[in-house]
Amino acid sequence: MSGLQLQQMPHPASHSTTIQVFRDWRHACKHLEDHLLTQPECLAWAIVRPEYTEILDPNDANARFDYSERAKSTGGATAQGLYDLYSKAIALNGTDATKLKWVRSEGRLTVAVGTDGVLMLVEDVVKSAFLPGQGDPQATRESQQSSRGRGLSRERGMRLGRPGRRGEEAEWDRISREKREAGWTRIQKLYYRVFRPAAQSIRRFHRGAYDMNGNVVRGDYALLKGALPRQSQLAYEHWIILRRQCGREV
Amino acid sequence: MAENLYVNPRLRATRAGAVDATHEVTVWIDELAATLQSDVETSDEAYDLLAQRERLRRVRPELLAEAGGLETVRQADQRIAERGKELAGRAHTVPNPQAWLEEAAQLEASYEDLIEPAERARWAARLLDDLDDAELMLVAAGRCGLKDQELAEQLDACNIWLAEHADAFLAASVYVQAIGQSLRPDLDELDYDLAATTLKFVDILRAAEEAERQIFMEEVIPLPAHVVNGLYERFREAQQWTEEQRRFVVAILLLRESLRRRPLGRADSAAVPESPLRCVWSAPDGTAFARAIVPAQPASAEEEIPIGFFRASDDARLAEYAGRHVRLAGTERVIQQGGLAHIPLRVLMEAKEPWRLAIGPSWEEWPLTSTE
């Protein structure tokens with residue numbers, strides 16, 4: 001029983017073909033949970049689609065957790081709003097990918113990325129879409145084993161900060177960041193906080209493509225290796241030009 | 001020419017050309033370029049700038065030029081020359097080696113979990129990058145005059161753990177091979193501190209070689225063909241014997257059940273076999289076979305069970321077998337006119353070993369090849 005109305009979009013590698021955004025409500029809700037309802041990726045989605053905050057507060061871990069649980073128990077019906085903005089972002093980025101040729105196919109598989117940084121994996125339907133560079137999948141899985149109260153978050157590792165020496169510096173960082181970002185437009189936030197980390201992450205995807213003997217174990221995302229321009233041609237001002245070419249908001 | 005510690009041509013991915021060092025260098029250059037596109041104010045940015053610049057110092061100069069990194073490196077050097085000590089002071093607050101150790105232990109434990117191999121490979125690569133960044137930042141900070149013995153010791157502990165658990169990072173072996181191919185082979189003569197940051201890669205390359213040797217049994221000397229053939233023959237015989245035993249046990253159970261149920265008749269007739277038991281023995285060369293048909297409900301254990309001998313090509317009865325002796329379950333009989341011999345059911349039921357026919361005069365053995 002599905003209460004979720006699934007959307008259609010043009011195929012990024014063949015614009016005349018229409019594809020569905022996820023196979024069924026379960027896949028759609030799983031991706032909402034993994035990406036739009038998990039910190040820090042949820043914060044990036046709120047930049048990509050500002051109407052996100054009209055649906056729920058991405059900073060409220062409990063609200064995200066409850067939204068996810070409710071979606072699962074209603075066959076996706078209660079997640080229509082979030083799914084629609086997700087689908088809209090995927091479709092727009094798919095069109096960018098077609099125009100900028102940021103799309104690669106192998107067999108029936110297509111990988112594409114747009115100027116918001118939304119990366120999508122397409123076969124006969126959209127199979128996955130997310131913002132790379134917003135936390136690692138292992139931490140996501142662990143965070144989802146938590147319950148209400150901890151929310152869905154994924155922060156850890158070497159860069160957690162040095163115990164006993166981080167406090168004052170963290171405060172300095174926060175003030176510097178706030179001061180800098182206070183003058184940013186939404187589009188600048190979109191570039192620096194979302195698109196650029198996505199592009200950097202995509203450049204590293206090939207590192208998961210091989211097993212230890214050099215056999216390809218997962219070549220899908222690695223297909224985009226070399227598809228994006230070098231960073232020296234992908235600074236903010238270059239990106240703005242590309243956005244204009246795609247008819248996107250700048 | 002001295003051996004290059006960082007390149008192991010025996011590794012499969014290296015041999016197969018699956019390793020792309022140039023691409024890794026372009027990724028590192030792009031990462032540094034992205035950092036330079038900001039004003040480098042926060043600790044993380046300072047940390048990135050110092051580590052990313054230092055990483056490119058290890059790269060073979062021709063590769064750096066080929067990947068278009070010279071201008072980016074020049075800009076980074078200029079920024080560090082202007083603000084090096086300030087950046088180093090800020091960067092020092094970022095690394096948390098204890099948290100790295102905890103995450104590395106999780107990676108090692110993840111080999112018992114169902115994680116997509118690609119995901120594990122990326123995780124292992126990122127953990128290596130994380131440790132590498134911290135070490136590279138420490139070296140860069142040292143160049144700016146900022147030493148930090150405490151952090152150095154903590155990172156040593158991470159490296160010791162890694163050396164003892166290098167297998168945990170084999171998922172990122174191809175990435176490590178690419179890093180190795182990007183490194184200047186003369187690094188230890190050029191800059192000892194920088195060369196020390198590469199020891200973890202050498203550890204992983206060694207572990208990869210050892211793992212490949214074990215997986216592909218590269219140290220095992222192949223056995224001579226005649227030994228392999230002999231072993232294979234013995235294996236096949238053992239396999240056949242096991243199969244015969246299985247058929248024998250099934251047949252015996254069916255026969256016993258038939259006899260046990262017979263006097264009870266209909267009461268629990270559902271358990272009584274409804275069709276006769278057919279046993280087939282095949283000549284080793286496949287040209288002939290023998291077939292016995294045991295009735296579903298034999299009159300008694302004394303009932304004589306006929307065994308017919310047939311040509312495999314057309315199922316014709318082998319009349320020419322008449323007069324030859326046949327042995328089954330320790331009992332010998334003479335094949336009669338029409339290629340038929342009779343064995344009492346009791347003999348079959350009291351057999352201790354799978355029924356195997358032996359045909360005189362050579363006493364060639366025919367295994368039981370089917371019961372149904």
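Computed from a predicted structure; not experimentally measured. Numbered from 1 within each chain, the chains take letters A, B, ... in sequence-line order.
When heavy atoms are compared at a cutoff of 4.5 Å, B:Leu32 does not approach chain A at all. When heavy atoms are compared at a cutoff of 4.5 Å, B:Leu155 approaches chain A solely by way of its side chain, counted from C-beta outward. Within the 4.5 angstrom heavy-atom criterion, only side-chain atoms of B:Gln177, from C-beta onward, approach chain A. For B:Glu71, no part lies near chain A; criterion is any non-hydrogen pair under 4.5 Å. Residue A:Arg174: no heavy atom, backbone or side chain, is found under 4.5 Å from chain B. Heavy atoms of B:Asp44 lying under 4.5 Å from chain A belong to its backbone as well as its side chain. Looking at B:Gln154, only its side chain comes within 4.5 Å of chain A, counting heavy atoms on both sides. Contacts between B:Leu170 and chain A at a heavy-atom distance below 4.5 Å involve backbone atoms as well as side-chain atoms. Using a 4.5 Å cut-off between heavy atoms, B:Leu151 touches chain A through backbone and side chain atoms alike.
Among the candidates B:Glu45, B:Arg120, B:Glu102, the residue making the largest number of heavy-atom pairs closer than 4.5 Å to chain A is B:Glu45. Counting heavy-atom pairs under 4.5 Å between each of B:Ile29, B:Leu131, B:Val94 and chain A puts B:Val94 at the top. When each of A:Ser232, A:Ser176, A:Pro163 is checked for heavy-atom pairs under 4.5 Å with chain B, A:Pro163 comes out on top.
One side chain, A:Gln231 or B:Gln37, offers a donor N or O that lies under 3.5 Å from an acceptor on the other.
Salt-bridge check for B:Asp48 with A:Arg159: passed, with a basic side-chain N closer than 4.0 Å to an acidic carboxylate O.
Closest of all the heavy-atom pairs between B:Ala121 and A:Arg207 is CB-O, 3.7 Å. Across all their heavy atoms, A:Met158 and B:Ala134 have their closest contact at CE-CB, 3.8 Å. Listed here is the closest heavy atom pair of B:Ala34 and A:Gln200: CB-NE2, 3.5 Å. What you find for A:Glu169 and B:Ser43 is that their closest heavy atoms are CG-OG, 3.0 Å. Scanning all heavy atoms of the two residues, the minimum distance from A:Trp172 to B:Glu41 falls at NE1-O, 3.4 Å. Taking all atoms of both residues into account, the shortest heavy-atom contact from A:Gly157 to B:Ala99 is O-CB, 3.3 Å.
Using a 4.5 Å cut-off on side-chain heavy atoms (C-beta onward), B:Arg126 and A:Arg204 make no contact. The closest side-chain heavy-atom distance from A:Asn215 to B:Arg12 is not below 4.5 Å.
We find the NZ-OG1 distance between A:Lys225 and B:Thr26 to be 8.5 Å, quoted to the nearest 0.5 Å.
The environment of A:Phe195 atom CZ is dense: over 12 non-hydrogen atoms of other residues, nucleotides or ligands sit within 6.0 angstrom. Open room surrounds NZ on A:Lys127; 12 or fewer heavy atoms of other groups in view lie less than 6.0 Å from it. Within a 6.0 Å radius of NE2 in B:His23, more than 12 heavy atoms belonging to other residues, nucleotides or ligands are found.
Checked by atom type and distance alone, the side chain of B:Asn96 never pairs as donor or acceptor with a backbone atom of A:Arg162 at under 3.5 Å. Between the side chain of A:Asp173 and the backbone N or O of B:Thr42 there is no donor-acceptor pair closer than 3.5 Å.
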